[in-house]
Amino acid sequence: PPPPPPPLKVAVFEKDRSFSQRRQGYGLTIQQGGLALDMLGIEDDVRRGDTVNDGHFIFLTDGTLVSAFGRFLVDIGHARASANGDCRTPRADGDHRADQGAKQAGLGSRVPVAGVAGAAAHTAAETNKTPAATEAPPPSTTTSTTTGTSTVVRASGRSVTTTTTVTTITSTGGVSLGSAKKKKNKQRFNLHIPRQRLRELLLKRLDAVSPSTMQWGWCLETLEEHPTHVLLRFRNADPAGHPPHRLVRAKCVVGADGIHSSVRAHLVRSHFSGREDGLKYLGMLVVLGMAPSTHPLCKRTTFQTLDGTTRLFSMPFTAVEAGAAEDWTFWQLSLTCSEELACALKRDNGRLRRELLDRCGSWHDPIPTLLTTTPDEMMTATPVYDRGDCYPFGDGKGQDCLKGCLATLIGDAAHPMSPFKGQGANQALLDALLVAEAVCKPGLLHPAKNYNGVSASASASAGTSVSATSAADLAEALRAYERDMFKRSNEKVVASRKTAKRLHCSDDMAAVSPETRGVSEQLQAAFRDVGANARNAATLRETVWECYQTANQHP
């Protein structure tokens, strides 16, 4: 086979002066993004650090249980079967309804409860999985992360940052992402990881491949498009730093600078004159926090509590059993309010905490404790926005306007969405792989059309010259990426918006109606009969298991 292409030259310009400058502390649930972790070579590291939660509960504010599901039901059933020969397990049809309820409740692709009668070993193996499954590239290919002369502009947290980056997955015959095949027997599970830990693993992987890729402390000021390249001007984030500015010439630019993307603003201004592209306020504020907790509902458990206008979602962040020094719980509290109030609460943590306690201070434990023990520096508030249907990049008209453009977007810069489907980080990871696949085809970022072992000129491989033909091909590759990205991500934007509205709709408490929570009438009756409640958290799992058995006996 021909030798692999030469390494591409990539730079990532980040506004933050260092990795640890900005607090990036919230927890992520990796669903479809697991494919990206696999392709990037960090899935095993993420899996080793997974903070397991195998129980999922939905409560009313007084602690009344309205839904419960999770792998713990299978584990209890198997433990009892082993102890006394009782082989009963939750039913499959109930599992399906509970799974649908979990998805509608904003928990994403949750772990389904096994529902096969008997104690078959394969039942346990098939539970708690998401449908995504892939296999490694075939033996004739090699998976690697390479660098190239493309530029990405990034954001850390809320602020705009700039980066020059493209992550690529290559093989000796091209890019392997698109041809990845499903592996029938490989199980995929939702993974839970602190965002900062995921960033750390990505950075470690990047440093191992190309130590000079990350450029800390540079802010994008201007972006100029030319027929064969893009010229970027950066400002040193350190006022006393030298040099105070940098000019970078790149073959292409990938903007990953978040919801307030400067790259997006440039593209809209330059290519979509007169087109409205503003943020749409969704009528709610999201508050993120973390607190130490040993309450039973904070152990291996995800729970949410809601009243129709306010909702708290909680999941383990770190766990002693997973090697952490202390058990910490991540929580997300969302509430409906005017945009004016949301912005005011965002700026004032004292007022914010008072507002949260006014709304939720009388809710069941451990909610009041979580709200009062969260340190100020671990609590942040963000008004929730998306861009509605104003997406200028995926439709035919948008593609025509961007013809020849050597810049594109990924993540929140491309498709900001509400957090209630847990899809933001997952979609961004998939974007990164797709844009890598698009631009790393022979002849686009490399100077030669075919790789035959002949070395390219130093000037070309350094990105200092490129033909108009290859620039046009590269621009079209970016448009192809945008078309694919739009098809995948736009439905997530719409679903996240609908879920945000439904979870905060007070009409008839639609968010916890029987249809929404996805449980059978028999199971609802069993919960009521035994008074299943968060107040009895220490024994709640056993209680729920018994309720499933009762419901199965009265189909």
Side-chain angles (χ1 to χ4, degrees), residues 3-22 24 28 30 33-50 134-156 161-177 180 191 193-218 248 250-252 254 256 323 410-411 425-426 428-441 445-446 451 461-463:
L8 303 178
K9 190 176 180 182
V10 177
V12 180
F13 288 88
E14 172 70 39
K15 179 180 179 180
D16 289 348
R17 299 186 202 177
S18 68
F19 171 79
S20 59
Q21 177 177 330
R22 189 176 302 273
Q24 304 274 359
L28 296 175
I30 303 298
L35 167 65
L37 301 183
D38 188 12
M39 301 295 286
L40 291 168
I42 63 170
E43 183 187 23
D44 289 343
D45 290 326
V46 172
R47 197 172 294 281
R48 280 192 291 270
D50 183 23
T134 62
E135 68 176 353
S140 61
T141 66
T142 57
T143 303
S144 62
T145 304
T146 59
T147 53
T149 325
S150 11
T151 302
V152 174
V153 183
R154 280 204 59 200
S156 287
T161 25
T162 53
T163 58
T164 325
T165 189
V166 168
T167 303
T168 67
I169 308 299
T170 65
S171 72
T172 55
V175 179
S176 59
L177 172 62
L191 298 171
I193 185 171
R195 184 172 188 264
Q196 189 74 330
R197 174 57 178 160
L198 178 59
R199 293 179 73 228
E200 180 182 17
L201 291 173
L202 289 168
L203 183 61
K204 181 179 178 181
R205 176 70 172 157
L206 184 61
D207 284 343
V209 174
S210 179
S212 62
T213 300
M214 284 299 303
Q215 302 289 314
W216 298 98
W218 293 99
V248 175
K251 291 181 181 177
C252 73
V254 178
I410 67 173
N426 287 275
L429 287 166
L430 293 174
D431 289 348
L433 287 180
L434 285 177
V435 78
E437 180 183 39
V439 303
C440 291
K441 294 174 182 176
L445 288 176
H446 292 285
Y451 301 112
S461 75

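Just the heavy atoms: all of them, side chains too, but no hydrogens, waters or symmetry mates, feed the values below. Along the sequence shown, residues are numbered consecutively beginning with 1.
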Looking only at non-hydrogen atoms, find the nearest pair between [X] and [Y] and report the distance.
X: V435; Y: A432; answer: CG1-O, 3.3 Å
X: W216; Y: D16; answer: CE3-O, 3.4 Å
X: L429; Y: A36; answer: CB-CB, 3.5 Å

Just verifying a value: how many Å separate [X] [atom1] and [Y] [atom2], rounded to the nearest 0.5 Å?
X: D207; Y: L202; atom1: CG; atom2: CG; value: 11.0 Å
X: L206; Y: R199; atom1: CG; atom2: CZ; value: 12.0 Å
X: E43; Y: D38; atom1: CD; atom2: CG; value: 4.5 Å
X: D44; Y: L37; atom1: CG; atom2: CG; value: 10.0 Å

Taking only residues two or more places apart in sequence, or in another chain, which ones meet L201 in a side chain to side chain contact (heavy atoms under 4.5 Å, CB included)?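 Here the qualifying residues are I42, D45, V46, I193, R197.
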Under the rule for side chain to side chain contact (heavy atoms under 4.5 Å, CB included), what residues qualify as partners of S18, not counting sequence neighbours?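 Testing S18 for side chain to side chain contact (heavy atoms under 4.5 Å, CB included), a comparison that skips the adjacent residues, returns S20, Q21.
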For E14 and F19: C-alpha separation, side-chain torsions, deciding distance, then whether side-chain contact (heavy atoms from CB on, under 4.5 Å) applies. CA-CA 9 Å; E14 172 70 39; F19 171 79; over 6 Å; no
Between D431 (side chain only) and G411 (backbone N and O only), is there a donor and an acceptor less than 3.5 Å apart?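 Between the backbone of G411 and the side chain of D431 there is a qualifying donor-acceptor contact (under 3.5 Å).
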R205 and L40, any side-chain heavy atoms less than 4.5 Å apart: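 Result no, sub-4.5 Å side-chain heavy-atom pair not found.
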